[in-house]
*Asks:* 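This structure is in structure tokens; I'll ask about it shortly.
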Amino acid sequence: MASDFMDRFRFNTENAPGIFYIQNLKKKQTETVHEYSTRWRSEAAEVRPALKEEKMIKLFVRAQDSQYYERLMVIENHIFYDIIKLGDKIEEGINSGMVTNFEAL
């Protein structure tokens, strides 16, 4: 019975995303940083073997566009929630014109 179960649901482990996939998972134009980080984190949770929190944070920061990366790498050793909060503040600064959006130039 156990082998039948494994045969039937083996695709769940075989189709798990890899580190390369989440490193290249970029923010969509229509997404907020918070929505993107939630989507990114849920995808990263599927990676096998499971990532440690520190590795997940480093990969998330490295996956950012340059305007976010430059600012987020400073707090790379913090918890994921702190990085999301700072990302939200950076996005707010870009939208208000207080932070220069290099991509728009």
Side-chain angles (χ1 to χ4, degrees):
M1 190 160 131
S3 63
D4 288 339
F5 177 83
M6 288 304 294
D7 289 341
R8 182 174 184 142
F9 295 104
R10 186 174 318 254
F11 70 91
N12 286 339
T13 59
E14 294 171 356
N15 293 330
I19 290 176
F20 183 73
Y21 172 75
I22 62 169
Q23 280 180 324
N24 294 314
L25 191 61
K26 299 296 181 189
K27 181 178 160 298
K28 297 175 185 173
Q29 293 287 341
T30 58
E31 279 182 316
T32 65
V33 171
H34 193 80
E35 292 169 339
Y36 165 65
S37 60
T38 303
R39 180 173 61 92
W40 191 95
R41 177 106 183 203
S42 67
E43 292 283 341
E46 300 291 322
V47 171
R48 296 292 175 249
L51 298 170
K52 292 185 178 181
E53 184 75 12
E54 299 85 28
K55 180 73 172 175
M56 191 180 301
I57 290 169
K58 288 180 189 236
L59 290 172
F60 178 74
V61 170
R62 290 182 186 144
Q64 303 306 305
D65 295 328
S66 61
Q67 62 191 0
Y68 290 94
Y69 175 76
E70 291 174 357
R71 293 166 178 92
L72 291 177
M73 69 180 213
V74 176
I75 66 164
E76 193 174 71
N77 295 326
H78 287 70
I79 61 174
F80 200 78
Y81 178 73
D82 290 340
I83 293 174
I84 294 170
K85 283 188 347 186
L86 182 57
D88 287 339
K89 289 180 182 179
I90 295 167
E91 183 177 53
E92 184 179 304
I94 290 170
N95 292 339
S96 68
M98 299 297 286
V99 176
T100 305
N101 182 354
F102 297 116
E103 291 178 358
L105 300 175

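We number each residue from 1, following the sequence as shown. Just so you know, these numbers use all the heavy atoms, side chains as well, and skip hydrogens, waters and symmetry mates.
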*Asks:* Do Ile79 and Trp40 sit in one hydrophobic cluster, given that two such residues count as connected whenever their side-chain heavy atoms are within less than 4.5 Å of each other, even indirectly?
*Replies:*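 No, it is not one cluster - the side chains of Ile79 and Trp40 are not joined through contacts under 4.5 Å.
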*Asks:* Using atom types as modelled and distance alone, determine if a side-chain donor or acceptor of Glu76 lies under 3.5 Å from a backbone N or O of Leu72.
*Replies:* no
*Asks:* Keeping to residues at least two apart or across chains, list the salt bridge (charged side-chain N to carboxylate O under 4.0 Å, His left out) pairs with something in residues 24-45.
*Replies:*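 Counting only pairs at least two positions apart or across chains, the salt bridge (charged side-chain N to carboxylate O under 4.0 Å, His left out) contacts touching residues 24-45 are Glu31-Arg39, Arg41-Glu53.
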*Asks:* With rounding to the nearest 0.5 angstrom, report the OG to NZ distance, Ser37 to Lys85.
*Replies:*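 Reported value, rounded in 0.5 Å steps: 13.0 Å.
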*Asks:* Quick one: list whatever passes ring-ring contact (aromatic ring centres under 6.0 Å, His included) with Tyr21, sequence neighbours left out.
*Replies:* none
*Asks:* Answer whether the closest heavy-atom distance between the side chains of Ile83 and Ile57 falls below 4.5 Å.
*Replies:* yes
*Asks:* Can you name the nearest heavy-atom pair linking His34 to Asp88, along with the distance?
*Replies:*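 Shortest heavy-atom contact: N-OD1, 3.5 Å.
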*Asks:* Nearest 0.5 Å, please: how far is CZ in Arg71 from CD in Gln67?
*Replies:*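 Rounded to the nearest 0.5 Å, the CD-CZ separation comes to 7.0 Å.
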*Asks:* Nearest 0.5 Å, what's the CD1-NZ distance between Ile94 and Lys89?
*Replies:* 14.5 Å
*Asks:* Have a look at Phe60 and tell me which of Tyr81, Tyr69, Tyr36 forms a ring-ring contact (aromatic ring centres under 6.0 Å, His included) with it.
*Replies:* Tyr36
*Asks:* What distance separates Glu92 CD from Leu86 CG, expressed to the nearest 0.5 Å?
*Replies:* 11.5 Å
*Asks:* If you take all heavy atoms of Thr32 and Glu91, which pair is closest and at what distance?
*Replies:*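 The answer is CA-OE2, 3.4 Å.
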*Asks:* Please assess Leu51 against Leu59 for the test side-chain contact (heavy atoms from CB on, under 4.5 Å), listing each intermediate value before the final yes or no.
*Replies:* CA-CA 10 Å; Leu51 298 170; Leu59 290 172; 3.8 Å; yes
*Asks:* Counting only N and O atoms by type, is there a donor-acceptor contact under 3.5 Å from the side chain of Tyr68 to the main-chain atoms of Ala63?
*Replies:* no
